[in-house]
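For ligands, and for the atoms within them, numbers begin at 1 and follow the listed sequence. Note that the structure is predicted; figures quoted are calculated from it, not measured.
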Amino acid sequence: PGRRVVTAAMSAEAAPGVEPAEAEPGAAAGPGQQQAVLLAEMVEDAAVWCALHGLVVGDRADPRSGTVPGVGLVHAPFSLLPSRFPTSFWKQACELAPIFNELVDRVSLDGEFLQAALSRTKQVDEFTARLLEIHEKMMAINKKEAIRLGLHRSDYMLDSETNSLLQIELNTISSSFPGLGSLVSELHRTLLNQYGKVLGLDSKRIPRNWAATQFAEALGKAWAEYNNDSAVVLMVVQPEERNMYDQYWLANHLKESYGVTTIRKTLAQVEAEGQVLTDGTLVIDGRTVAVVYFRAGYAPTDYPSEAEWKARLLMEQSSAVKCPSISYHLVGTKKIQQELAKPNVLERFLDSKEDIAKLRKSFAGLWSLDNEEIVKSAIEKPDLFVLKPQREGGGNNIYGHDVRDTLIKLQKEQGESLAAYILMQRIFPKASLTPLVRGGDCFEDLTISELGIYGAYLRNKDKVILNNQCGYLMRTKVSSSNEGGVAAGFAVLDSVLLT
Ligand SMILES: Nc1ncnc2c1ncn2[C@@H]1O[C@H](COP(=O)(O)OP(=O)(O)O)[C@@H](O)[C@H]1O
Ligand SMILES: N[C@H](CCC(=O)N[C@@H](CS)C(=O)NCCC(=O)O)C(=O)O
Ligand SMILES: [Mg+2]
């Protein structure tokens, strides 16, 4: 990828890639060499900090790194310095969190809206159809979720064309990196406390990041609302999970701050070991479950057999607090994102005109493929659009010429398959040169960033117990890569330096 700048291990000697100045005997090292040595020292300090503070992920080189805790660790990929972000847009993003939290809760209560908005997608997208089927079953038995917990992340990019903060998507299930994201902010503060003077950067410009502690607080408070001291939090996880430490951070805070035990099960294990008692209590492996926290179940690959679907239904039918419930999960689909962007739709769910205006200001162009005029312009100028299927988890979007080819193919098919996609205005953040550290090596590369703001919402019947913005995730990827995704290996974990 980018220019190889320096490796942590080499901080003693001058780093390769920087031509050593022809130093006369005894002359001071040239500026280039000084800068390389400084960078090497920072990379070494940062890599050590990661290892000492659990800013780690499983190393894909080790076959057991996704199943055996403590085996095959490597520092999480990170940017060596925080990315600049204008304070005005930062404030705007933080202000939106409690409004999006409220919106999700209100939309989740309108089962007819969800069923209607997704009814055509259901015809052509099996995965969405299965989720809707569970939702329909809950509507049929008039299932009410008295206690509702949302742990969301709303992702934004700064569009340089329009100089505006635009929402990429709202995640309402398995919002990754509250644990590791918080740590990167601390890593950068530590580095700037030590090197800020010589770099001319002030560590106090990095917002404190309480994502992990506040997500754990929301989980702990939801557990308390369930009001059964022997109950546990069930974390639903994938059989292989190299991001397990991000998840363990939440379990650790839950145990240390609230005395709550978390058990980890795959969907298959829930099916094999779980049952719902006549009073609705969910019991897994003999433990009563107060809260189900999904860190799996958001992608078709999470349901390789009917067992996993049975597990999802079993948990939904229980009185445990689901995070997310099937309704919250559906509200976070891209089709609903596009439907909510239509005129007069937000007005159905929110009362405050001011809040509605704030949300709308953050909406990029979003269209269904029924809009022939937009489809036509996307075929003419595919680079200005992103074509998105109803999928989560990264790696599914369609860009550039593939947008044109796919649209033309879908038009020819003339079937309902158009309903499986949405079209979105492509957002163009400004690129900047960033030192990225992966596997102990530091590369400088042109990058663009995506700011995720976490939101926690907890309600018990009419009482809103929590509705907060809680921390953030900055992801930075090489600007040449269309997809983001830290887990997918394109992006690194970053933090924010307010300008
Ligand atoms: N409208 C857009 N403009 C530019 N990049 C986008 C846009 N939508 C998505 N992306 C890129 O694609 C990645 C994945 O898209 P996203 O909608 O977040 O899907 P997923 O649910 O798979 O994360 C984002 O992290 C971002 O890097
Ligand atoms: N391995 C699972 C990953 C869960 C997952 O993919 N979550 C989506 C929202 S659905 C997400 O937040 N994606 C941004 C993280 C990235 O850039 O890689 C976990 O960590 O629990
Ligand atoms: Mg995303």
Side-chain angles (χ1 to χ4, degrees), residues 57-58 66 76-77 151-162 166-181 211 215 235-251 264 266 293-299 301-302 323-324 328-329 332-335 337-338 341 362-367 378 383-400 403 421-429 431 447-454 473-494:
V57 292
L151 294 178
H152 312 313
R153 195 189 71 242
S154 181
D155 294 334
Y156 303 92
M157 281 185 169
L158 263 186
D159 183 52
S160 52
E161 308 271 304
T162 57
L166 296 178
Q167 185 184 50
I168 295 284
E169 66 160 346
L170 176 62
N171 295 290
T172 59
I173 182 167
S174 299
S175 301
S176 291
F177 297 122
L180 301 190
F215 262 28
M235 199 180 292
V236 180
V237 296
Q238 287 157 344
E240 297 251 341
E241 179 54 83
R242 284 188 288 105
N243 194 33
M244 68 171 87
Y245 306 102
D246 181 54
Q247 300 170 349
Y248 276 116
W249 272 110
L250 294 179
R264 291 169 65 86
T266 63
Y293 172 52
F294 286 94
R295 289 295 290 257
Y298 51 84
T301 47
D302 288 334
C323 177
Y328 269 39
H329 183 169
T333 58
K334 295 184 169 49
K335 183 67 190 164
Q337 177 183 4
Q338 173 255 303
S362 73
F363 287 172
L366 284 153
W367 306 275
D383 288 340
L384 299 184
F385 294 86
V386 182
L387 183 59
K388 297 189 176 184
Q390 294 309 308
R391 292 290 179 270
E392 296 293 324
N396 303 297
N397 296 339
I398 298 168
Y399 301 86
V403 169
Y421 296 86
I422 65 159
L423 257 179
M424 186 172 181
Q425 164 196 346
R426 180 150 191 181
I427 301 164
F428 296 97
T447 65
I448 55 175
S449 295
E450 179 172 350
L451 175 65
I453 299 288
Y454 293 103
L473 166 70
M474 189 69 152
R475 280 180 291 158
T476 292
K477 67 177 183 183
V478 291
S479 47
S480 56
S481 133
N482 285 329
E483 275 296 310
V486 175
F490 298 102
V492 301
L493 296 172
D494 193 350

A.B. asks: Hey, what polar pairs (N/O, under 3.5 Å) does ligand 2 make with protein?
C.D. replies:
from     : atom 1 : to     : atom 2 : distance (Å)
ligand 2 : 1 (N)  : Glu241 : OE1    : 2.8
ligand 2 : 1 (N)  : Glu241 : OE2    : 3.0
ligand 2 : 7 (N)  : Ser174 : O      : 2.8
ligand 2 : 7 (N)  : Ser176 : OG     : 3.3
ligand 2 : 12 (O) : Arg153 : NH1    : 2.7
ligand 2 : 12 (O) : Arg153 : NH2    : 3.2
ligand 2 : 12 (O) : Ser176 : N      : 3.0
ligand 2 : 17 (O) : Arg475 : NH1    : 2.7
ligand 2 : 17 (O) : Val486 : N      : 2.8
ligand 2 : 18 (O) : Val486 : N      : 3.0
ligand 2 : 18 (O) : Ala487 : N      : 2.9
ligand 2 : 20 (O) : Ser176 : OG     : 3.0
ligand 2 : 20 (O) : Asn243 : ND2    : 2.8
ligand 2 : 20 (O) : Arg295 : NH2    : 3.1
ligand 2 : 21 (O) : Gln247 : NE2    : 3.0
ligand 2 : 21 (O) : Arg295 : NE     : 2.7
ligand 2 : 21 (O) : Arg295 : NH2    : 3.2

A.B. asks: Tell me which pairs pass salt bridge (charged side-chain N to carboxylate O under 4.0 Å, His left out) where either residue lies in residues 475-491, with sequence neighbours left out.
C.D. replies: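 Every salt bridge (charged side-chain N to carboxylate O under 4.0 Å, His left out) pair that includes a residue of residues 475-491, provided the two are not neighbours, is Asp155-Arg475, Glu450-Arg475.
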A.B. asks: State, with a plain yes or no, whether a side-chain heavy atom of Tyr293 is found less than 4.5 Å away from one of Leu151.
C.D. replies: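 Yes. Closest side-chain heavy atoms under 4.5 Å.
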A.B. asks: Just by distance, do the side chain of Ser160 and the backbone of Phe428 share a donor-acceptor pair under 3.5 Å?
C.D. replies: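 Here the side-chain-to-backbone pair exists.
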A.B. asks: Is the side chain of Gln337 donor-acceptor paired with the backbone N or O of Ile168 at a distance under 3.5 Å, no angle test?
C.D. replies: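 Here the side-chain-to-backbone pair exists.
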A.B. asks: Let me confirm one number: the CG-CD1 distance from Asn397 to Ile422, rounded to the nearest 0.5 Å.
C.D. replies: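 One finds 8.5 Å between CG of Asn397 and CD1 of Ile422.
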A.B. asks: So, is the end of the Arg391 side chain (NZ or CZ) under 6.0 Å from the ring centre of Tyr298 and within 45° of the ring's axis?
C.D. replies: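 Relative to the ring axis of Tyr298, which defines the angle, Arg391 lies outside at least one limit.
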A.B. asks: Check the Mg ion (ligand 3) and write out every protein N, O or S atom at under 2.8 Å, as residue and atom.
C.D. replies: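 Listed by chain and number, the nearby protein N, O or S atoms are Glu169 OE2.
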A.B. asks: Give a yes or no answer on whether the side chain of Asp246 reaches the backbone of Met244 with a donor-acceptor pair at less than 3.5 Å.
C.D. replies: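 Absent.
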A.B. asks: So does Phe294 get a backbone contact from the side chain of Ser174, meaning a donor-acceptor N/O pair under 3.5 Å?
C.D. replies: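 Yes, because the side chain of Ser174 sits within donor-acceptor range (under 3.5 Å) of the backbone of Phe294.
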A.B. asks: Determine, stepwise, if the pair Leu387 / Tyr399 fulfils side chain to side chain contact (heavy atoms under 4.5 Å, CB included).
C.D. replies: CA-CA 7 Å; Leu387 183 59; Tyr399 301 86; over 6 Å; no
A.B. asks: Compare all side-chain heavy atoms of Leu166 with those of Tyr156 and state whether any distance is below 4.5 angstrom.
C.D. replies: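 Result no, sub-4.5 Å side-chain heavy-atom pair not found.
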A.B. asks: So, does Arg264 use its side chain to make a donor-acceptor pair with the main chain of Val237 at under 3.5 Å?
C.D. replies: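 Pair absent, no side-chain N/O of Arg264 close to backbone of Val237.
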A.B. asks: Would Trp367 and Gln425 count as a side chain to side chain contact (heavy atoms under 4.5 Å, CB included) if you check the C-alpha gap in whole Å, the side-chain angles of each, and the deciding distance to 0.1 Å?
C.D. replies: CA-CA 9 Å; Trp367 306 275; Gln425 164 196 346; 4.1 Å; yes
A.B. asks: Side chain to side chain contact (heavy atoms under 4.5 Å, CB included) between Ser154 and Leu170: does it pass, once the steps are laid out?
C.D. replies: CA-CA 4 Å; Ser154 181; Leu170 176 62; 3.8 Å; yes
A.B. asks: Using a 4.0 Å cut-off on heavy atoms, what residues surround ligand 1? Order them by chain and number.
C.D. replies: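 Residue list for ligand 1: Met157, Ile168, Glu169, Lys334, Val386, Lys388, Arg391, Glu392, Gly393, Gly394, Asn397, Tyr399, Met424, Gln425, Arg426, Ile427, Glu450, Lys477, Asn482, Glu483, Gly484.
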